[in-house]
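The next block holds one structure in the form of structure tokens; read it before the comments.
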Amino acid sequence: PPGLLAKLGVAVLKSTPLRSMANQMSYCDKETYATQDAVRVGRLHCLNAGYEDAICGFMRSGGYSVSTQVSKVSQRTLILWGADD
């Protein structure tokens, strides 16, 4: 059933090996930032009660897409983008 597949996907997404691999890919200075502490902090929200049901509901809803709304931002906006981002 789709619910079972979604829950399996969520289990993979919150797994320590996947989070660790994502950390390694995300940081330019891996030695400083891609630490076990970063993995633990990155998984905190996954460990909250009800997380699996909430994220499965979010996935079933289609998530969100903000790209069509960016042009509607009326405030002056400064976007900072680093060389290694």
Side-chain angles (χ1 to χ4, degrees):
L4 181 61
L5 189 57
K7 288 190 183 255
L8 179 61
V10 169
V12 170
L13 287 174
K14 74 178 192 177
S15 71
T16 301
L18 184 71
R19 290 287 174 162
S20 183
M21 186 173 64
N23 264 5
Q24 291 297 317
M25 292 187 296
S26 297
Y27 295 109
C28 180
D29 184 352
K30 293 169 185 18
E31 187 174 323
T32 301
Y33 298 110
T35 63
Q36 286 302 311
D37 281 342
V39 172
R40 284 190 285 274
V41 169
R43 290 183 69 233
L44 279 177
H45 67 285
C46 301
L47 305 176
N48 285 330
Y51 170 77
E52 287 90 354
D53 290 335
I55 197 67
C56 286
F58 177 73
M59 289 188 294
R60 281 192 303 273
S61 77
Y64 60 86
S65 175
V66 298
S67 61
T68 59
Q69 298 180 32
V70 171
S71 64
K72 298 176 185 176
V73 174
S74 61
Q75 297 296 319
R76 291 183 60 189
T77 306
L78 174 63
I79 298 173
L80 300 176
W81 199 273
D84 295 321
D85 288 344

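Computation of the quantities below employed the complete heavy-atom set of this structure, encompassing side-chain atoms and omitting hydrogens, waters and symmetry-equivalent molecules. Each residue takes its place number in the sequence, starting with 1.
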Problem set entry | Pairs where residues 13-33 contributes a residue and the test ring-ring contact (aromatic ring centres under 6.0 Å, His included) is met, not counting sequence neighbours | Tyr27-Tyr33
Problem set entry | Transitive ILVMFWY side-chain link Val12 to Met21, under 4.5 Å | yes
For this session: Just jot down the salt bridge (charged side-chain N to carboxylate O under 4.0 Å, His left out) partners of Arg40, sequence neighbours excluded, or say none.
Result: Asp37
Problem set entry | ILVMFWY clustering at 4.5 Å (side-chain atoms), partners of Val39 | none
For this session: Return each pair, listed once, that meets salt bridge (Lys or Arg N to Asp or Glu O under 4.0 Å) where at least one residue sits in residues 20-31; pairs must be two or more places apart or across chains.
Result: none
For this session: Would you please test Val10 and Cys56 for side chain to side chain contact (heavy atoms under 4.5 Å, CB included) and show each step?
Result: CA-CA 8 Å; Val10 169; Cys56 286; 3.8 Å; yes
Problem set entry | ILVMFWY cluster, Met25 and Val41 together (side-chain gap under 4.5 Å) | no
Problem set entry | Residue pairs passing the side chain to side chain donor-acceptor pair (under 3.5 Å) test where at least one lies in residues 12-23, sequence neighbours excluded | Lys14-Glu52, Thr16-Arg43
For this session: Would you give the length of the straight line joining atom CG of Leu44 to atom OH of Tyr51, rounded to the nearest 0.5 angstrom?
Result: 12.0 Å
For this session: Not counting sequence neighbours, which residues clear side chain to side chain contact (heavy atoms under 4.5 Å, CB included) with Phe58? List them please.
Result: Ile55, Ser61, Tyr64
Exercise. Which residues satisfy the side chain to side chain contact (heavy atoms under 4.5 Å, CB included) test with Ser67, sequence neighbours excluded?
Worked result: Ser65
